[in-house]
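Read the structure below first, then the notes.
The first residue in the sequence is number 1, and the count goes up from there.
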Amino acid sequence: MTVHLHWFLPTGGDGRTLVDRHAYTDGGITRDRTVSGVRAPDIDYLVQIAKAAEQLGFEAVLTPTGTWCEDAWLTTVALSQHTERLKFLVAFRPGVISPVLAAQMASTYQRITRGRLLLNVVTGGDSAEQRRFGDHLDHDRRYARTAEFLSVVRGVWGGRPYDFDGEHFRIEGGLTALPPDPLPEIFFGGSSAAAGPVAAEHADVYLTWGEPPWQVKEKIDWIRRLAEERGRTVRFGIRLHTISRDSAREAWATADRLLADLDAETVAAAQELLGRSESVGQQRMLALHGGGSLDRDRLEISPNLWAGVGLVRGGAGTALVGSHADVADRIEEYHALGVEHFVLSGYPHLEEAYWFGEGVTPELAARGLLPSAPASPLLGVPAANGRPASAPGGAPLLVPGGR
């Protein structure tokens, strides 16, 4: 079993710092501080990231969903016109869209992009944000609705009129006249007791955030058992940041620089806001970093697994930090547990895509975890001195970040 590598598309903004461009005092509505090194998620910048991800051999890019992001459907279908092979893992929330309309949108998307859609179902763990979109269900009922939603989506993809009578949806003759081809794979995450059965019944790929390997194994065993009880097989993925460099010393220096941007007040404000989340997965992320400690030694919670991102960022809060070989070691370790899909990111996303793609991807290919590493576009191109540009003494490969 080889690994599938995916990158992240920062449609909420990007930058050289972990500090969010949105203020924490009121959930981001008021901007009460200036953050340097921030890049707006305009289409030109997102095109750069998408093209880099495709060139570097990533299979897909994940897009987030929520108040502070550009709409995932519209943004990615635009980016599909600037790429050729890259797939888009489009995040959406079942509570704010009709399941029949979602099925139709997915079908249209597949035809426009020639089959490059993957779906990331986000049930939602923040009631305040859910209410912002008009959704007033509590945590467990949102997961029950997600199960119904996915039943309808798969039902109307069958190409024949589909009826459904549930607690949250009542569908009469639901139909996608031209079903998507191929059917998009459905990615789904959730750490609560209410989420497990939904994943086991409906997910193609169960996603977990980057917890230490022993905790990830517990989750895999849990979902695998639930799926087997339903006569299904579920594959597994993990969501992680990466800081990969030519040496471990350089990588940890980068982590230290990101940490130096933070102050106790910023961390406390972020932790207070994130602590309100109903998401069990988010609470597990918060528990990893010792309650907001800025001590690097306490933030390395497992070999090469750094919890510093979660000090000020919601969602995925951990990063693989180390040399390219170190990061490949950790990916190999998770892969041995059954993780097949790795959804990765880093700040800034353009530069970190190159660090990973040029450093870790060849390591993984050499270990047989990838079919092959993408060839350098400079291979075989003569330099001024007559040597191949990729050879020592040839023309250097220039990438963003001044490496």
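Relative orientation of the Phe356 and Trp7 rings is tilted, given thresholds of 30° and 60° on the angle between their planes.
With no hydrogens or angles considered, no side-chain donor-acceptor pair links His324 and Glu363 at under 3.5 Å. When only modelled atom types and interatomic distance are considered, Thr76 and Tyr109 share a side-chain donor-acceptor pair under 3.5 Å. Between the side chains of Thr146 and Thr123, at least one donor N or O lies within less than 3.5 Å of an accepting N or O. Arg116 and Thr83 are linked by a side-chain donor-acceptor pair at a separation below 3.5 angstrom, with hydrogens and angles left out of the test. There is no side-chain donor-acceptor pair under 3.5 Å between Asp14 and Tyr347. In this model, a donor atom of one side chain and an acceptor atom of the other lie less than 3.5 Å apart for Lys219 and Ser191.
Checking side-chain atoms of Tyr206 against main-chain N and O of Gly190 turns up a donor-acceptor pair under 3.5 Å. A donor-acceptor distance shorter than 3.5 angstrom exists from the side chain of Arg239 to the backbone of Val343, with no hydrogens or angles considered. Here the side chain of Asp140 pairs no donor or acceptor atom with the backbone of Ala194 at under 3.5 angstrom. Side chain of Gln110 to backbone of Pro182: a donor-acceptor contact under 3.5 angstrom is found. Between the side chain of Trp157 and the backbone N or O of Ala103, at least one donor-acceptor pair lies under 3.5 Å. Proximity of a side-chain donor or acceptor of Thr176 to a complementary backbone N or O of Pro179 within less than 3.5 Å is not detected. Listed for the Asp256 side chain is no donor-acceptor partner under 3.5 Å among the backbone atoms of Ala253.
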Next item on the list: Test Leu364 against Leu5 for side-chain contact (heavy atoms from CB on, under 4.5 Å), laying out the working first.
Entry: CA-CA 10 Å; Leu364 296 173; Leu5 298 178; 4.1 Å; yes

Margin query: Determine whether Asn304 and Val327 satisfy the following criterion, side-chain contact (heavy atoms from CB on, under 4.5 Å), listing intermediate values before the conclusion.
Written below: CA-CA 7 Å; Asn304 305 108; Val327 172; over 6 Å; no

Check: Can you check side-chain contact (heavy atoms from CB on, under 4.5 Å) on Arg235 and Asp204, steps first, answer last?
Finding: CA-CA 6 Å; Arg235 286 170 288 123; Asp204 295 307; 4.0 Å; yes

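Taking the six-membered ring wherever Trp is involved, the centroid distance between the rings of His349 and Phe8 falls below 6.0 Å. The distance between the ring centers of Phe149 and Tyr143 does not fall below 6.0 angstrom. In summary, the aromatic rings of His341 and Phe187 are positioned with their centroids under 6.0 Å apart.
Residue Arg160 places its CZ atom among 12 or fewer non-hydrogen atoms of other residues, nucleotides or ligands, all under 6.0 Å distant. More than 12 heavy atoms of other residues, nucleotides or ligands lie within 6.0 Å of CZ in Arg257, so this atom counts as buried by the packing criterion. Within a 6.0 Å sphere centred on CZ of Arg249, other residues, nucleotides and ligands contribute 12 heavy atoms or fewer. The local environment of CZ in Arg114 is sparse, with at most 12 non-hydrogen atoms from other residues, nucleotides or ligands closer than 6.0 Å.
Closest approach of Thr63 and Ala91 over heavy atoms only: O-CB, 3.0 Å.
With a 4.5 Å cut-off on side-chain heavy atoms, Leu118 and Val90 do not count as touching. Counting heavy atoms from C-beta outward, Leu320 and Leu240 have side chains that approach closer than 4.5 Å. Using a 4.5 Å heavy-atom threshold, the side chains of Thr361 and Leu56 count as separate. Residues Val77 and Leu79 fail the side-chain proximity criterion, which asks for heavy atoms closer than 4.5 Å.
A salt bridge does not link Glu148 to Arg145: none of the charged nitrogens lies less than 4.0 Å from a carboxylate oxygen. Ion pair Glu332/Arg367 flagged as a salt bridge, since at least one NZ, NE, NH1 or NH2 atom sits closer than 4.0 Å to an Asp/Glu carboxylate oxygen. Salt bridge status for Arg141 with Glu167: present, with a side-chain N to carboxylate O gap under 4.0 Å. Ion pair Arg39/Asp44 not flagged as a salt bridge, since none of the NZ, NE, NH1 or NH2 atoms sits closer than 4.0 Å to an Asp/Glu carboxylate oxygen. Contact check on Lys217 versus Asp221 returns a salt bridge, with a Lys/Arg side-chain nitrogen under 4.0 Å from an Asp/Glu carboxylate oxygen.
Separation of atoms CG (Leu89) and CD (Glu185) is listed at 9.5 Å; rounding is to 0.5 Å. The line from CG of Leu18 to CZ of Arg313 is 6.5 Å long, rounded to the nearest 0.5 Å.
Taking Glu218 as the reference, nothing meets the salt bridge (Lys or Arg N to Asp or Glu O under 4.0 Å) condition, with sequence neighbours excluded.
Put simply, the residue from Glu250, Glu351, Glu358, Glu352 that forms a salt bridge (charged side-chain N to carboxylate O under 4.0 Å, His left out) with Arg245 is Glu352.
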